[in-house]
Peer 1: 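To start, I am sharing the structure in question, which I have written as structure tokens.
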Amino acid sequence: MALELNGKVLAGCVEAELEERVRGVVDKLGFKPVLATILVVDNPASVTYVKMKAKACERIGLESRIVKLDENTTTDELLAQIKSLNDEKRVCGILLQHPVPKQIDERACFDAIRPDKDVDGVNSLSFGKMAMGEPAYVSATPYGIIRILKHYGIELAGKHAVVVGRSAILGKPVAMLLLNENCTVTICHSKTKNLPEVLRSADIVVGCVGKPNFIQADWLKEGVVLVDAGYNKGNVGDIDLENCISKSSAYTPVPGGVGPMTINSLLLQTVESAEKLADKK
Ligand code: NAP
């Protein structure tokens with residue numbers, strides 16, 4: 001029977017440890033460290049994610065601040081907001097909720113976040129360092145994926161990992177992290193030819209396509225490890241889990257797999273940032 005890689009349970013255990021660490025930081029600093037989330041687009045999905053992150057902060061004793069900006073905000077206005085948060089001592093983490101409206105240069109804004117406050121790992125410098133195997137904050141979903149695989153003892157070295165999707169926040173960084181763990185990595189995208197054939201040689205499949213139930217059971221080999229990062233309407237992932245689980249040796253459920261680990265990685269990196277600030281005191 002396939003092993004369920006349960007992100008909800010793991011995240012819950014880590015939260016208990018983080019709560020303890022936050023208490024220590026608050027004692028040293030004399031104030032609650034802040035995770036600031038900037039929300040420009042008021043779409044229901046973003047609002048839900050932001051609320052979930054705020055609740056998670058509160059559970060472990062961090063202060064969550066939501067900065068809501070008008071949908072007509074310009075790049076310069078957003079950059080000014082980021083600069084002000086960069087300069088504010090109590091703010092240990094800055095998160096710019098993706099996506100932003102079209103008129104905004106999202107990359108310029110991500111790159112304006114101070115790397116030592118970039119707890120969501122979106123900055124180009126953070127990505128470059130991570131790819132080099134240097135210490136850096138890592139994009140939260142990819143970091144959550146690696147942490148869950150390691151926690152459950154999934155062997156990575158020498159395995160063929162196929163990542164379906166190449167976005168800057170998910171596909172590319174998760175591929176780099178798997179490479180750092182000595183996987184042989186193939187990255188697939190919308191122009192990939194013969195995707196099912198590529199997937200049939202995979203020991204590990206990471207689905208980050210953004211298409212419900214996209215990856216099919218007959219594209220997989222027996223014993224594959226399935227990581228479903230997809231989160232589509234109706235709590236459906238990017239892998240047709242209902243039909244694929246029986247072929248797998250381990251899988252992340254949707255919901256309760258990668259999602260909770262994403263928020264947990266954000267919390268973990270915010271606590272690390274707060275601890276660095278407290279150590280300077
Ligand atoms: P994205 O920016 O839309 O990227 C999707 C990727 O899939 C692109 O690289 C695209 O290729 C590729 N793709 C699209 N159609 C394809 C096809 N037919 N065959 C092969 N590849 C194809 O999405 P994202 O932001 O990375 O998110 C991906 C999924 O993860 C979504 O379901 C999202 O909701 C979920 N997600 C979950 C979490 C979480 O916390 N659980 C966090 C973030 C995202 P091209 O580059 O060629 O266009």
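Bear in mind that the values here come from a model prediction, so they are computed numbers and not experimental data. Counting starts at 1 for both ligands and their atoms, following the listed order.
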Peer 1: Report yes or no: does a heavy atom of Gly171 sit under 4.0 Å from some atom of ligand 1?
Peer 2: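 It does not, in that no heavy atom of Gly171 comes within the 4.0 Å cut-off of ligand 1.
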Peer 1: Near Lys129 NZ, under 6.0 Å, is it more than 12 heavy atoms from other residues, nucleotides or ligands?
Peer 2: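 12 or below, so no.
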Peer 1: Measure the distance from atom 21 (N) of ligand 1 to every protein heavy atom, then report the residue, atom name and distance (to 0.1 Å) of the closest one.
Peer 2: His189 C, 3.1 Å
Peer 1: Quick one: which of Pro173, Gly210, Ser190, Ala168 has a heavy atom closest to atom 47 (O) of ligand 1?
Peer 2: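 Shortest heavy-atom distance from atom 47 (O) of ligand 1: Ser190.
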Peer 1: For a quick check under 3.5 Å, do Ser201 and His160 share a side-chain donor-acceptor pair by atom type?
Peer 2: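 Distance-only check passes for Ser201 and His160.
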Peer 1: Of the protein's non-hydrogen atoms, which lies at the shortest distance from atom 3 (O) of ligand 1, and what is that distance?
Peer 2: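 Answer for atom 3 (O) of ligand 1: Val209 O, 4.6 Å.
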Peer 1: Numbering the atoms of ligand 1 from 1, which are under 4.0 Å from a heavy atom of Asn232?
Peer 2: 32 (O)
Peer 1: CD of Glu242: more than 12 outside heavy atoms within 6.0 angstrom?
Peer 2: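 Atom CD in Glu242 is not crowded, with 12 or fewer foreign heavy atoms closer than 6.0 Å.
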Peer 1: Would you say that more than 12 heavy atoms from the other residues, nucleotides or ligands in this model lie under 6.0 Å from the CD of Glu71, or not?
Peer 2: no
Peer 1: How far is atom 33 (C) of ligand 1 from the closest protein heavy atom, and which atom is that?
Peer 2: Tyr231 N, 4.1 Å
Peer 1: Any N/O of Leu195 closer than 3.5 Å to an N/O of ligand 1?
Peer 2: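 Between Leu195 and ligand 1, no N or O pair is found under 3.5 Å apart.
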Peer 1: Check whether more than 12 heavy atoms from other residues, nucleotides or ligands sit under 6.0 Å from atom NZ of Lys150, and answer yes or no.
Peer 2: no
Peer 1: Please list the nearest protein heavy atom to atom 8 (C) of ligand 1 with its residue and the distance rounded to 0.1 Å.
Peer 2: Arg166 N, 4.0 Å
Peer 1: Using a 3.5 Å cut-off on N or O atoms only, is Lys191 in polar contact with ligand 1?
Peer 2: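 There is no such contact.
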Peer 1: When you measure from atom 15 (N) of ligand 1 to each heavy atom in Lys172, Lys211, His98, which option holds the nearest one?
Peer 2: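 Considering heavy atoms of Lys172, Lys211, His98, the nearest to atom 15 (N) of ligand 1 sits in Lys211.
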Peer 1: What about Val236 and Trp219, same hydrophobic cluster or not, with Ile/Leu/Val/Met/Phe/Trp/Tyr joined at side-chain heavy-atom distances under 4.5 Å?
Peer 2: no
Peer 1: Could you check whether Arg59 pairs with Glu19 (Lys NZ or Arg NE/NH1/NH2 to Asp/Glu carboxylate O, under 4.0 Å)?
Peer 2: no
Peer 1: For ligand 1, note which part of Asp238 has a heavy atom under 4.0 Å away: side chain, backbone, both or neither.
Peer 2: side chain
Peer 1: Can you check whether Thr262 has an N/O within less than 3.5 Å of an N/O in ligand 1?
Peer 2: yes
Peer 1: Just to confirm my output: which protein heavy-atom neighbour is closest to atom 18 (N) of ligand 1, and how far is it?
Peer 2: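 In this structure, atom 18 (N) of ligand 1 has Phe214 CZ, 3.4 Å as its nearest protein heavy atom.
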Peer 1: Which is closest to atom 41 (N) of ligand 1 by heavy-atom distance: Pro142, Gly257, Ala229?
Peer 2: Ala229
Peer 1: Under 4.0 angstrom from atom 26 (O) of ligand 1, is there any protein heavy atom?
Peer 2: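 Protein heavy atom within 4.0 Å of atom 26 (O) of ligand 1: present.
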Peer 1: Where is the nearest protein heavy atom to atom 44 (C) of ligand 1: which residue, which atom, and how far?
Peer 2: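 Closest protein heavy atom to atom 44 (C) of ligand 1: Leu170 CD1, 3.5 Å.
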Peer 1: Just how far is it from atom CD1 of Ile146 to atom OG of Ser139, taken to the nearest 0.5 Å?
Peer 2: 12.0 Å
Peer 1: Does the side chain to side chain contact (heavy atoms under 4.5 Å, CB included) test come out yes or no for Val164 and Asp238, once each step is laid out?
Peer 2: CA-CA 9 Å; Val164 189; Asp238 289 349; over 6 Å; no
Peer 1: If you have a sec, work out which protein heavy atom is nearest atom 42 (C) of ligand 1 and how many Å separate them, to one decimal?
Peer 2: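 Here the closest protein heavy atom is Thr141 OG1, 3.2 Å.
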Peer 1: Taking only heavy atoms of Gly259, which atoms of ligand 1 are found under 4.0 Å from at least one of them?
Peer 2: 41 (N)
Peer 1: Once you restrict to heavy atoms under 4.0 Å, what part of Ile169 touches ligand 1? Side chain, backbone, both or neither.
Peer 2: side chain
Peer 1: Quick one: look up the protein heavy atom nearest atom 24 (P) of ligand 1 and list residue, atom name and how far away it is.
Peer 2: Ser167 OG, 3.7 Å
Peer 1: Side-chain donor-acceptor pair under 3.5 Å between Asn43 and Ser46, yes or no?
Peer 2: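 Yes, a side-chain donor-acceptor pair sits under 3.5 Å.
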Peer 1: Is it the case that the side chains of Asp218 and Gln216 hold a donor-acceptor pair, with the cut-off being a distance below 3.5 Å and no angle test?
Peer 2: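 Distance-only check fails for Gln216 and Asp218.
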Peer 1: Would you say Glu77 has more than 12 foreign heavy atoms packed within less than 6.0 Å of its CD?
Peer 2: yes
